[in-house]
Amino acid sequence: MVHVIPLHLGALHPVEQIATIVLAFGPFVVLGIVIAVRRRAEAGEDDDALLDDPQHHDAD
């Protein structure tokens with residue numbers, strides 16, 4: 001039977017630490033930005049649709 005002993009390779013280089021953090025959290029940051037941009041764009045489209053619809057204008 002073969003026994004495998006896990007070896008620790010030491011501390012990560014600062015560039016490796018940054019790469020690990022970017023790979024771990026980057027997709028979530030990008031997803032949050034995409035969601036915010038899409039919601040803002042859709043809200044703007046809704047506002048434009050309401051302004052163009054004559055039935056939604058307030059009666060004075």
Side-chain angles (χ1 to χ4, degrees):
M1 175 162 252
V2 177
H3 294 283
V4 178
I5 300 172
L7 300 174
H8 191 279
L9 298 176
L12 293 176
H13 188 274
V15 174
E16 293 172 325
Q17 288 178 339
I18 292 171
T20 302
I21 291 170
V22 168
L23 289 173
F25 298 108
F28 298 105
V29 172
V30 171
L31 179 62
I33 292 169
V34 169
I35 289 171
V37 168
R38 288 299 303 150
R39 283 186 180 169
R40 189 171 293 167
E42 289 175 0
E45 290 172 2
D46 290 344
D47 291 343
D48 291 342
L50 287 175
L51 290 175
D52 293 340
D53 190 2
Q55 293 178 350
H56 284 89
H57 285 279
D58 293 331
D60 290 325

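From a predicted model like this one, the values you see are computed outputs, not experimental measurements.
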> Under 4.5 Å between side-chain heavy atoms, hopping through other hydrophobics if needed: is there a path connecting Leu31 to Leu23?
Replying inline: no
>> What's the separation between atom CD1 in Ile18 and atom NE2 in His13, rounded to the nearest 0.5 Å?
In response: 9.5 Å
> Is a donor on one side and an acceptor on the other found under 3.5 Å between the side chain of Gln17 and the backbone of Pro14?
Replying inline: no
